[in-house]
Amino acid sequence: MPATPRPLLVLALASALALTACSAAEPDPPTAGPTAPADARLRDAAPEGLLVGAAVAGGGHHVDADYPDPFPNDEPYRELLASEFSSLTPENQLKWEFVHPERDRYEFGAADAIVAFAEEHGQAVRGHTLLWHSQNPDWLTEGEFSDAELRDILHEHISTVVGRYAGRIAEWDVANEIFDDSGALRSENLWILRLGEGIVADAFRWAHEADPDARLFLNDYGMESGGPKADAYLALVKELLAEGVPVGGVGFQGHLAFEYSAPGGMADNLRRFVDLGLAVAVTEADVRMPVDGTPTNAQLTQQAEWFGELLEGCLDAGHCTSFTLWGAPDRYSWVPVFFPSQGAATPWWDDLSRKPAYDTLWGILDAR
Ligand code: XIL
């Protein structure tokens with residue numbers, strides 16, 4: 001192997017030193033806190049009014065994985081869900097392709113089991129999701145339906161699914177990811193494309209008819225810190241509220257990645273929605289990073305800080321009803337499947353031991 005040319009070596013050393021010096025000079029992050037005691041549980045540490053949730057693994061990318069269906073089969077995982085969380089979100093089991101696989105057939109077994117488990121363990125359930133551009137069954141996307149038929153199909157689906165769990169599912173993500181990053185309505189959303197923007201309001205009305213007590217959400221990613229997408233939601237929410245449409249909350253998914261930036265300015269952004277009388281929630285938190293083997297301590301520290309910022313941003317907004325983690329432990333996370341070479345995105349290692357992110361989340365909850 002040729003020796004590293006001297007000037008390059010010096011440069012590399014200098015920048016390594018600069019990096020070290022820079023991170024050594026940084027003050028301790030405000031979110032870094034104590035190590036959680038072994039008997040700590042997120043759900044017990046949470047302040048009143050905030051539910052701490054997890055996605056319940058199953059369906060979606062898990063179908064092709066080399067492990068058995070997680071929720072029914074993995075007992076230590078079930079214990080983690082029951083002990084750490086006060087809210088559960090079926091990760092895929094209430095999406096169209098899973099729950100409504102044929103036009104005249106619903107498949108409720110998996111969602112029923114999650115709702116029953118939640119009731120047994122004193123947990124709320126978030127329903128996800130009713131109107132989305134993704135994970136729709138072929139019979140729907142490839143069927144040749146008239147606009148009137150499509151409208152009836154959506155109405156029937158919402159009445160059936162929301163109605164089945166009336167009084168048992170506390171919050172629904174009625175509309176998911178309807179805007180793109182520029183704040184324009186997504187062109188690939190079948191419902192909006194065919195039936196126009198007004199279908200969003202109708203979906204909320206139909207869900208409300210099916211369960212008047214459920215809090216109904218809009219939900220999206222990449223808008224924690226504000227920007228065109230968040231502004232588009234703010235404008236839409238104002239319109240919906242003015243028309244008396246029963247929108248009750250906005251969900252900020254919280255899929256963070258080291259390649260983008262930390263969720264700065266989150267509380268101010270979310271407070272704009274709270275000021276309109278809405279609830280806000282972090283609905284799908286994870287923090288992914290480039291991985292090649294085990295993450296470094298620096299990566300784990302940054303992950304802990306970013307999880308902490310997400311949680312504090314929601315809590316500081318004033319009316320944050322839930323903070324949900326999207327997958328735990330790492331081996332069940334969607335991240336490595338959807339973002340090649342990235343992973344380690346949850347606060348738990350594969351053996352269910354806790355990462356620094358767990359301590360940070362627990363510390364923030366415990367201090368409130
Ligand atoms: C993901 C699931 O985690 C995967 O199992 C599935 O294969 C694809 O969808 N935004 C959402 C979630 O609203 O429903 C997505 O969940 C992740 C991005």
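FYI, the numbering just counts along the sequence from 1. A quick note: this is a predicted structure, and the numbers were derived from the prediction, not measured. Every number for a ligand or one of its atoms is a count from 1 in the order of the listing.
A salt bridge between Arg331 and Asp66 is absent, with no side-chain N of the basic residue lying under 4.0 Å from a carboxylate O of the acidic one. One finds no salt bridge joining Arg354 and Asp359 here, because no Lys/Arg side-chain nitrogen approaches an Asp/Glu carboxylate oxygen to under 4.0 Å. Asp173 has no carboxylate O lying under 4.0 Å from a charged side-chain N of Lys95, or vice versa, which leaves the two without a salt bridge. Using a cutoff of 4.0 Å between basic side-chain nitrogens and carboxylate oxygens, Arg205 and Asp202 are scored as salt-bridged. Look at Asp220 and Arg186 and you find no salt bridge, because none of the NZ, NE, NH1 or NH2 atoms lies under 4.0 Å from a carboxylate O.
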Identify the protein atoms, limited to N or O, that lie within less than 3.5 Å of an N or O atom of ligand 1, and list each pair with its distance to 0.1 Å.
from, atom 1, to, atom 2, distance (Å)
ligand 1, 3 (O), Glu91, OE2, 2.4
ligand 1, 3 (O), Trp326, NE1, 3.0
ligand 1, 5 (O), His61, N, 3.3
ligand 1, 5 (O), His61, ND1, 2.7
ligand 1, 5 (O), Glu91, OE2, 3.2
ligand 1, 5 (O), Asn92, ND2, 2.9
ligand 1, 7 (O), His61, N, 2.9
ligand 1, 9 (O), Lys95, NZ, 3.2
ligand 1, 9 (O), Gln135, OE1, 3.2
ligand 1, 10 (N), Glu177, OE2, 3.0
ligand 1, 10 (N), Gln253, OE1, 3.3
ligand 1, 10 (N), Glu284, OE1, 3.0
ligand 1, 13 (O), His128, NE2, 3.2
ligand 1, 13 (O), Asn176, ND2, 2.9
ligand 1, 13 (O), Gln253, NE2, 3.3
ligand 1, 13 (O), Glu284, OE1, 3.4
ligand 1, 13 (O), Glu284, OE2, 2.9
ligand 1, 14 (O), Lys95, NZ, 2.7
ligand 1, 14 (O), His128, NE2, 2.7
ligand 1, 16 (O), Lys95, NZ, 3.3
ligand 1, 16 (O), Trp326, NE1, 3.3

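Looking at heavy atoms from C-beta onward, His62 lies in side-chain contact with Asn92 at the 4.5 angstrom threshold.
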